[in-house]
Every structure is written in structure tokens, then in C-alpha cells.
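Every chain is numbered from 1 and lettered A, B, ... according to where its sequence line falls, protein lines coming before strand lines. As a basis for the values below, the full set of heavy atoms in this structure was taken, side chains included, without hydrogen atoms, waters or symmetry mates.
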Amino acid sequence: MNYTEIEKKWNKIWEDTKIYKFDNKNLDKKFYLLEMFSYPSGASLHLGHWWNFGLSDSFGRFKRLQGYNVFQPMGFDAFGLPAENYAIKTGIHPEDSTRHNIKVMEEQLKAMGATFNWDYELITCNPDYYKWTQWLFIQLYKNGLAYQKEAPVNYCPSCNTIIANEQVVDGVCERCGSTILRKNMKQWFFKITKYAEELLSGLDTIDWPEKTKALQRNWIGKSVGAEVDFKVDGLDEKLTVFTSRADTLYGVTFLVIAPEHKLLSKLIKPEYKKQVEDYILQSSKKDEITRTSSTSPKTGVFTGTYVINPLTSEKVPLFVADYVISTYATGIVMGVAAHDSRDYDFAKKYNLPIKQVIEKCEGETELPFTEYGKLVNSAEFDGFSSEEAKTKIVEKLEKMGEGRFKINYKLHDWSVARQRYWGCPIPIIYCKHCGTVPVPEKDLPVKLPHITDYKPDGSGPLGKCEEYMNTTCPICGRPARREADTLDTFVCSSFYMLRYPESLHNNDEIFNRDYCNKMLPVDCYVGGVEHATGHLLYSRFITKFLRDIGKLDFDEPFKRLFHQGMVLGPDGKKMSKRNTSRTADDYIKEYGSDALRLHMMFSLKYVDGGIWNDEGLKHIKAFMERVERIILKWQNDKGTSKKYEAEEKELDFVLNRTIKEVAENFETFSFNSAVARIMELVNAMYKYDTVKEKNGQLMEKTIKNLLIILSPSAPHFTEELWEQIGEKYSIFNQRYPKYDESKIALDTVEIAVQINSKIIARIDIDSNLSNEEVLKVVKENEKVASLINGKTIVKEIVVPKRIVNLIVK
RNA sequence: CCAGGUGUGGCGGAAUGGCAGACGCACAGGACUUAAAAUCCUGAGAGGGCAACUUCGUGUGGGUUCAAGUCCCACCACCUGGACCA
């Protein structure tokens, strides 16, 4: 068979006959299968693309055979930094390179012959898409969930721009090597923290990998504790700390405040002003990662100020130290040197007192002791357990009005503004008279202008485009200015799965509520684990928000999630031009795309990935030829068998078991096992082929079923053979075969017999016997009988069709 | 440091608590061939034994169980995240 030719042939026929068109009128058995859409890069499809798209296409084809109306759309996440950086380097406008790359990728993805629903294609940099990105922004704004606030950013004084955390290497700019400054700038945020609790609890309702759920739980970082107010000595001011260990409150010997804290300037005693200001300057030069690394030495200085412990009325010193972060909780912590290792280190270094208030329930207590124990030196709470005290102490503080129970999350609000050109414009207008005004929905989209000077300079490049910036206020009609920043691309991708089903058909609303409720949630979502705390969290947030404003009725966008593992180069690193000598196209030319796909399915575990090895490709091709030979041989063999012989039963058994297990394996993305089962069936066919009197009907049934079962994994190859054995187009309009349970239940099964848990014999036994009858047969067995003779059986265990275990004394 | 994941032949990898190593590769043997390749068939975890058979085996050490790769505890190694989260 000439694989190149048949691939061309069938790709064309499939496209011409629109065999995979999604039937959007008939949603009773819809299946929404989604692969994370990709960023349009210019290079040709590499093995990773085949791994991602080819195998999920196979899954889609499998669901289609099962009778599902499969919706598997495709599109591009087209805004973003790479195009812009490429543009800055080459001078090619991001719009031009992006459009070009999309075209190239579309052609190549179509050439895969995959079943994607191209008529629903969606491209995030198209105005008819980003109109809805802007609409979403405005809804968030109107509901108080999009807001501006001052927040620290990484600023490079030599490149004159804000840079992302990832571009800061050891505190310096990765491009020019200048020391990065931490600067407060006014920025746009989405209030994802409003949904912290629900994002956490919702994880229990979805079928996702545990690993991914754990990543999100960690990221959200719920911490249950209390806030405690400390009065400032000599000032009418109080400092609030957050603690998860209220039981250690009697052990507080100092307080620590973050260098960026707003109240700090008021709290410094004049004689300490210089040293504190020097310290603040020093720490502003460190980036957050170096500063907060647990391995960095703890530093800090005294402010000259004392605060008063509400329970003991003791005066304790207030320090400023950069191991405390201003953005978590209140930005002030209580120092309990005896029961926190950081506080312990700090106290040792600055000679602060260490006061033990918890002791181990049994044995010597060694400081710092950070576990729960029994309270000591804590007035009326002495003898309480840590757990009890955590409640009782806060209850007391509540009565005094100086503390309260509090839950904190590590999750921060989502910073969405980018001082970049190639992104979705933020639909906001600033008017001197009316303030911040959202663009009216009827005026959307705010189109991204085609400008040529898009170099980043710290403020949005759009700011230099006067035509764009100058507008009129929608409220008062007087001249006003637009927002110059654009949106993070993760905003674009946070709702695309909701928009897909009617992407090009509905220009009146983001999506129709009823239709959306029928099409979603996504039944199966496939994509990389690296999006666990980004895209996957944002999408969940936006879905919950849209539910709250009445646009849809479900809580979670992705019911089921799979991550592909990564296909790695021979050096165990991510595939690149450097470590791979051959492209997907090279392999396809030599072996065909079906062989490539089958090899990928069979040789690595899909969810784990692994090092790419092309060794097996020729064997997979050999396997395909083995399939072809037996099918072509059997198609004209009418057989002569009259009775249903043992050999026929065996083939029928393997056939039915294969039908059953391949489906189960596909369902869990265990493609390697699915292919193994199919190989077993082929082996069984070759074995049956040696029988002289063969059953023609069984052979016909077997080759047809084999082709259907194999078709999702080798679509062109099986479609071609389906035609060659004289069947009607198309194999993909067939149904996945049903298996016959009675054929899988064998008449006799081999049972392993154990005496005292050790296997001593294997006996063929009628599978219909009851446990008692099985035991009888086993005990009559010569070997068993001789071994149990004269001994007492104390226990008999029968596992039907598997094991009999006799415990004797 | 913390969290999560992984650990099974020479290799990729299978195993609802129930015969570990399915399937495939590499390997060995046989058939076909002048020969090779391809194809078809057979064998095979490791050690011991001519053999029937036997001992040991899923990172290490313990535990639960009639029965553990699978469940529990501790440890080791590797991978991936997170970094002092109060």
C-alpha cells in the first residue's frame, strides 16, 4: 500500500464529503472534545504537534464511532509576546507574521486529515473575537471585579520598561544586566480572589488529575487563622497581624513589618530614620524570589517603635524585615521565636528574647518547636492543647475587640494589563470630568490600530498613537483619552471554550445562554500541565463569574481533563531543532502518518510522555502490513467449517475481549494498551489461519471489526482497506462493535490452587461451578489431596475464576 | 526547605488487593531461501538442576492481609512545581 497516496486520497474525500461536520441541531449525544488551542508559530508541525493533536483526534474518532456527535473545534491563541519580540528583532509587523503563521499552520493541521471542525475556527486577534474579550472586561468592571490599584512591578531602569518575573534573573534584567527596581505602578486587576473559596471547593466536583488539583489547591493556598491587633505604644494607631498559630500569642517577643508597608513611615522613630530608609532601599533592589527564598539570610532593622500585646500588655519591639511580604495577609507578622524557625533565626541574630509557650506532650521540648503541643506560660490557657487554645484565645480577643477569626489565601488578584502592543485593547476611556468610563457595548470592538512603533518603553506603545488615544467621553462628549495598555493573552483564552460553539455565527452576544448550557461543559479537555495554575484557573474563574451574571448555568468549564506528557529529544530535553534530526514530515514521507500515529500511541504512555525513539516505527509499519495481509487473505475465504469448534471459540473470545478492552483503554487515554490488545487480536487471527476448516462468517466478522476498532488509530489505512474489502464509504460512519459477554465467558478457566498462599497447582475448572463445587474439584485433585492429607483445613478462600487458597495446619 | 509525582526484565511499558512482567523491541532457535532481507513459527525475569523441579524477584526497611507492584508507616533516588505564606 502506498501510504502517501492513500493519505492524500482520503484526506480529500473526507474534506469533500464533509464527513466530520458537526450536527448542531442534534445535541442529545454531543461530545465536546477540546485540545488547548495553540500559539501560531511559523515552524512546520513537529512531533509534539502530532502527539497532541493526532492522538486527541484519534480519541475523537473513537467517540464518533461510539455514536457521539463530536464537536472538536480548532483555533489560535494569536495575541502575545513571541510575535512582538519576533517583530522587534526582524521588523516584520506582528500582525503580518501572525497571519502568515496561522495560514501555514492551518494548512498543515488540515493535512493531518484530522476531524477538526474548521468551520468553527476562532482566532483571538480577530476583532470579531476580541470584541467579546472587551465585553467580558466591561462586565467585570461593572461588577467591581476589574479594578485599578497600585502594585509593585519589576522595572528595568536601562531598558526603561516593566518586565515579567520570568525575565528577572538573580535580580538583574536578563537582557541588559541592570539591577531591577521594584516600583509601584497603577495597574488593572481582575478580582479572582473573590472566588478563592469556590475555586478550591469546586475541585472536588471535577474529574481532573489529582496532581493538577493539588497544584491549584497549593496556589490558592488557604490558611485558616486569626487577626490580632497590637496597639502602637505612644501613637493612636494599631497594627494587625495574621497568624495561624494564635495559641502562641503569649510567646510574642517582637513584631515584623514589611518594608513596603503603607503605615511604616509613620512608625519610625526619628533617631532610627536613616537606618530604616537605607534598609528599605536595599531591599527594594532585591526581586521577590531572592528576597523571600528560605535560604537567604534573615535581615532587618529596629524601627524604634514598640507595640503592645493585647493579652499580656507587654511592650515588644517593632522591626522591619524583608522576609515579610507586604502582599500576603496584613504584611505584618508577630514574632514567636520559640515556635517558628524563621522567627527563631531572626531573634538569635538580633538578640531578641525567646519565650517558650508550647511544650511537647511527651518528652523534651527542643526549640524552635513548631508543632502542636500543650500550652505553658500562657496565663489561664496553660494546659490547653494547641488546637483548643487556637479557638479559645481568639474568642477572648473577639470579646475584647482586638482580634477575630480570619481565613487568608495566597491567591492574588490577576494582574491583566500589559504595557505592550500586540494584545487586546482595554476598553476604557479616561475623561477629565467623568473619570474612568468603560466603552459602551455598542461601540465594541475598540480596534487595535496598525502602528509601526511598537517598541516597549514602560508605558503602553498605543500611547504614542494619537489617533487611537484621542476620543470623546461616552458620557459627556468632551475630548478624552483611551487606556494605552492591552490585556494579558490569558484573558483571551479564559473564555474561548464558551465562545467556540457559535464562534462565527453569533455576532449579537458572546454566546447564547441556552445553547451554551447544552454544549458545555467541555466533556474532555486535553492540554499541558504547565497551565495548571494559569489558564485552567482563569477559565474556572471566568466561568463562575459568567454564571453569577446569569450568562450560563454551570460551575465548571472542563468536566474531565487529561494532560499529555512531553515527547522529549534523545538528550531528555524538550524537543528542538538542536536535538532532533528528523521532522514529522520526514517520518510521514517514509512511513505514513498512520504509522507515525500508531507508533506514538504504542511506544509511550500518553500521560507520561518520554524520550522519542523512532526505532519502533518500522515495526509498526510491519504490523500494519501484517494486518493488511491477513485481511486481504481472508476477505475471499468463504471457509468450510460446519461446527463451532474450539479454535473458533478462541478467536471469537479474543475478538470480543478486544472489542471490550480497546474501548476501556481509549476511555482512559491508555492508547498503548489499546494497540497491544489489537495486536493480540491479529495474533489470534494468524493462529486461527492455520486451522484447515475455517468459519467464513466468523472471519468476515473479525476482519470488519478489526478494521473498525483500528480505525481511530490508523484512519487512512483502515478506510482504504474498508474500501478494498468491498464495504461502503465510510468506515467512520460505522458503529463501534458491541461485544458479546457470553463469548468472553469461557467454559473452563484455569484456576491457581494455593496451599498456605503458595501456588502448588493450576487446574482447569468448569467456569459455571459454584464456589463449593470448585472447592470439591480442587480437593479431589491428586496433588492437592496428597498435600492436605492428614492436615486440618482452617480456612478456604475462593476467588471466582482466579484462585483457590487453602490454609492448612 | 515544602508540596506533588514517579521508581517493575537489556529497553518502551502491562497488571479492579488474587498466577508479576500483557503487548512490542532487542536476543536466541527453527521453517522458507543458493544466501541475505522480508515473512511465518517457537523460546525466553534472574540463579541452580539433564530433568521433573526449585530458590530469589516490582527502589530500601518495616507493617496490615489467607494473599501486596497495588493499602499503611519510615527511608533513598529521580522528576515537576512553589519558594520564608506568618
Side-chain angles (χ1 to χ4, degrees), chain A residues 209-215 217-219 221-223 225-226 228 241-246 248 255-256 258 288-298 321-325 327-336 339-343 345-346 370 408-412 529-530 532-533 566 572 599 602-605 607-608 610-613 615-620 622-623 625-626 629 661 664-665 670 672-683 686-687 689-690 750-759 761-762 794-808:
Chain A
E210 276 310 315
K211 184 181 165 182
T212 314
K213 293 197 206 177
L215 279 168
R217 277 191 199 107
N218 248 320
W219 190 258
K222 183 177 181 176
S223 173
V228 184
V241 304
F242 174 72
T243 178
S244 60
R245 290 296 302 272
T248 63
L255 239 63
V256 187
E288 189 153 359
I289 290 167
T290 343
R291 218 183 93 178
T292 58
S293 162
S294 44
T295 52
S296 322
K298 315 268 167 294
D322 63 11
Y323 76 85
V324 175
I325 314 161
T327 49
Y328 181 72
T330 64
I332 308 171
V333 291
M334 57 188 216
V336 185
H339 306 292
D340 181 288
S341 48
R342 288 154 302 162
D343 297 346
D345 292 346
F346 194 78
T370 58
N408 256 309
Y409 300 91
K410 278 195 246 177
L411 184 71
H412 292 338
V529 68
E530 66 274 16
T533 53
M566 254 218 280
H599 173 60
F602 183 59
S603 69
L604 294 171
K605 220 161 132 176
V607 294
D608 287 354
I611 292 171
W612 168 252
N613 180 356
E615 188 57 21
L617 254 170
K618 61 172 188 279
H619 306 112
I620 279 290
F623 165 70
E625 286 162 354
R626 185 170 154 89
R629 273 192 301 276
E661 292 185 359
E664 290 167 0
N665 288 327
S670 306
N672 52 348
S673 294
V675 177
R677 296 290 88 78
I678 295 171
M679 287 175 169
E680 281 169 347
L681 174 60
V682 175
N683 290 345
Y686 272 83
K687 192 172 174 198
D689 195 49
T690 61
E750 191 189 74
I751 285 195
V753 179
Q754 299 177 324
I755 289 182
N756 291 341
S757 306
K758 205 172 146 184
I759 292 166
R762 293 181 170 85
V794 288
K795 196 167 183 182
E796 296 166 336
I797 295 125
V798 183
V799 182
K801 295 176 192 182
R802 287 187 193 274
I803 272 182
V804 171
N805 192 2
L806 302 175
I807 309 303
V808 300

Participant: Has A:Asp340 got a side-chain atom pairing as donor or acceptor with A:Val336's backbone, closer than 3.5 angstrom?
Facilitator: no
Participant: Mind calculating the distance between CZ (A:Phe602) and P (B:C25) to the nearest angstrom?
Facilitator: 8 Å
Participant: What's A:Tyr686 touching, base or sugar-phosphate or nothing? Going by heavy atoms closer than 4.0 Å.
Facilitator: sugar-phosphate
Participant: Regarding A:Asn672, tell me which of base, sugar-phosphate or nothing describes its non-hydrogen contacts under 4.0 Å with the strands shown.
Facilitator: sugar-phosphate
Participant: Determine the contact category for A:Arg626: base if any of its heavy atoms lies under 4.0 Å from a base atom, sugar-phosphate if only primed atoms, P, OP1 or OP2 are that close, otherwise nothing.
Facilitator: sugar-phosphate
Participant: Rounded to whole angstroms, how far apart are OH on A:Tyr323 and P on B:C85?
Facilitator: 10 Å
Participant: Across the strands shown, which category fits A:Lys758 at heavy-atom distances under 4.0 angstrom: base, sugar-phosphate, nothing?
Facilitator: sugar-phosphate
Participant: Within the structure provided, determine whether A:Ser341 and A:Asp343 are in side-chain contact (heavy-atom separation under 4.5 Å).
Facilitator: no
Participant: To the nearest 0.5 Å, tell me how far A:Arg626 CZ sits from A:Asn683 CG.
Facilitator: 5.0 Å
Participant: Mind checking the NZ-CD1 spacing from A:Lys801 to A:Ile751? Nearest 0.5 Å is all I need.
Facilitator: 9.5 Å
Participant: Counting only side-chain heavy atoms from C-beta out, which of B:A86, B:U39, B:C25 sits nearest to A:Ile325?
Facilitator: B:A86
Participant: Quickly work out the A:Ile620 CD1 to B:C25 P distance and round it to whole Å.
Facilitator: 9 Å
Participant: Using Watson-Crick or G-U wobble geometry with both distances under 3.5 Å, which nucleotide pairs with B:G61?
Facilitator: B:C73
Participant: Which part of the nucleic acid, if any, lies within reach of A:Glu530 when heavy atoms closer than 4.0 Å are counted: base, sugar-phosphate only, or nothing?
Facilitator: nothing
Participant: Looking at every strand, decide which applies to A:Ala532 at a 4.0 Å heavy-atom threshold: base, sugar-phosphate, or nothing.
Facilitator: nothing
Participant: Side chain of A:Ile807 only, heavy atoms from C-beta on: which candidate in B:C66, B:A26, B:U39 is closest?
Facilitator: B:C66
Participant: Let me know the distance between CG of A:Leu617 and P of B:A26, rounded to the nearest Å.
Facilitator: 13 Å
Participant: State, with a plain yes or no, whether a side-chain heavy atom of A:Val808 is found less than 4.5 Å away from one of A:Asn756.
Facilitator: yes
Participant: Counting heavy atoms from C-beta on, name the nucleotide in B:A86, B:G18, B:C66 closest to the side chain of A:Ser757.
Facilitator: B:C66
Participant: From the options B:A67, B:C23, B:C25, select the nucleotide whose nearest atom is closest to the side chain of A:Glu615.
Facilitator: B:C25
Participant: Given that both distances must come in under 3.5 Å, which nucleotide forms a Watson-Crick or G-U wobble pair with B:A51?
Facilitator: none
Participant: Please say whether the positively charged group of A:Arg342, taken as NZ for Lys or CZ for Arg, lies over the ring of A:Tyr323, i.e. under 6.0 angstrom from the six-membered ring centre and within 45 degrees of the axis.
Facilitator: no
Participant: Decide whether A:Ser757 and A:Asn805 meet the rule of one side-chain donor and one side-chain acceptor closer than 3.5 Å.
Facilitator: yes
Participant: Watson-Crick or G-U wobble partner for B:A68, using a 3.5 Å limit on both distances?
Facilitator: none
Participant: Within this structure, what is the CG-to-P distance between A:Leu681 and B:G24, rounded to whole angstrom?
Facilitator: 12 Å
Participant: Between B:G81, B:G82, B:A86, which nucleotide gets closest to the side-chain atoms of A:Arg342?
Facilitator: B:A86
Participant: Searching all strands shown, indicate the nucleotide that pairs with B:A35 (Watson-Crick or G-U wobble; both distances under 3.5 Å).
Facilitator: none
Participant: Which listed nucleotide (B:G18, B:C85, B:A22) is nearest to the side chain of A:Glu680?
Facilitator: B:A22
Participant: How long is the line joining CG of A:Asp345 and P of B:C1, in whole Å?
Facilitator: 14 Å
Participant: Need one value for A:Arg629: base, sugar-phosphate or nothing, where a base atom within 4.0 Å counts as base even if backbone is also close, heavy atoms only.
Facilitator: sugar-phosphate
Participant: Select base, sugar-phosphate, or nothing to describe what A:Gln754 touches, counting heavy atoms under 4.0 Å on all strands.
Facilitator: base
Participant: Would one find more than 12 heavy atoms of other residues, nucleotides or ligands at under 6.0 Å from atom NZ of A:Lys213?
Facilitator: yes
Participant: With a 3.5 angstrom cut-off on both distances, give the Watson-Crick or G-U wobble partner of B:C25, or none if there isn't one.
Facilitator: B:G10
Participant: Checking contacts here: which listed nucleotide (B:A14, B:C23, B:A26) is nearest the side-chain heavy atoms of A:Ser673?
Facilitator: B:A14
Participant: May I have the distance from A:Glu661 (atom CD) to B:U16 (atom C1'), rounded to whole angstrom?
Facilitator: 12 Å
Participant: Let me know, please, whether A:Phe242 or A:Ile751 comes out on the 5' side of the other along RNA chain B by nearest nucleotide.
Facilitator: A:Ile751
Participant: With a 4.5 Å limit on heavy-atom distance, are the side chains of A:Thr370 and A:His339 in contact?
Facilitator: no
Participant: In whole Å, I'd like the distance from the CD1 atom of A:Ile759 to the C1' atom of B:C66.
Facilitator: 13 Å
Participant: So, the side chain of A:His619 versus the backbone of A:His599: is there a donor-acceptor pair under 3.5 Å, distance only?
Facilitator: no
Participant: Under 3.5 Å for both donor-acceptor distances, Watson-Crick or wobble: does B:A44 have a partner, and if so which one?
Facilitator: none
Participant: Give every pair of a protein N or O atom and an N or O atom of nucleotides 2-10 of chain B that lie under 3.5 Å apart, one pair per line with the distance.
Facilitator:
from, atom 1, to, atom 2, distance (Å)
B:A3, O2', A:Asn218, ND2, 3.0

Participant: Here's a test of your reading of the structure: between A:Asn756 and A:Ile332, which maps to the more 5' nucleotide of RNA chain B?
Facilitator: A:Asn756
Participant: Base, sugar-phosphate alone, or nothing: which one does A:Asn408 contact when heavy atoms must sit under 4.0 Å apart?
Facilitator: nothing
Participant: Counting the atoms with a prime plus P, OP1 and OP2 as sugar-phosphate, which does A:Leu604 contact under 4.0 Å by heavy atoms, base, sugar-phosphate, or nothing?
Facilitator: sugar-phosphate
Participant: Of the options B:A86, B:G24, B:G18, whose atoms approach the side-chain atoms of A:Asn683 most closely?
Facilitator: B:G24
Participant: Establish whether the base of B:A86 is bridged to the side chain of A:Arg245 by a donor-acceptor pair shorter than 3.5 Å.
Facilitator: no
Participant: Specify the glycosidic conformation (syn or anti) of B:G9, with syn defined as within 90° of 0.
Facilitator: syn
Participant: Regarding B:C19, can its base be found pairing with the side chain of A:Arg802 as donor and acceptor, where the two atoms are less than 3.5 Å apart?
Facilitator: no
Participant: Nearest to the A:Ala676 side chain among B:C23, B:G18, B:A86, which nucleotide is it?
Facilitator: B:C23
Participant: Going by purine N1 to pyrimidine N3 plus the second Watson-Crick contact, or the G-U wobble pair, all under 3.5 Å, which nucleotide sits opposite B:C78?
Facilitator: B:G5
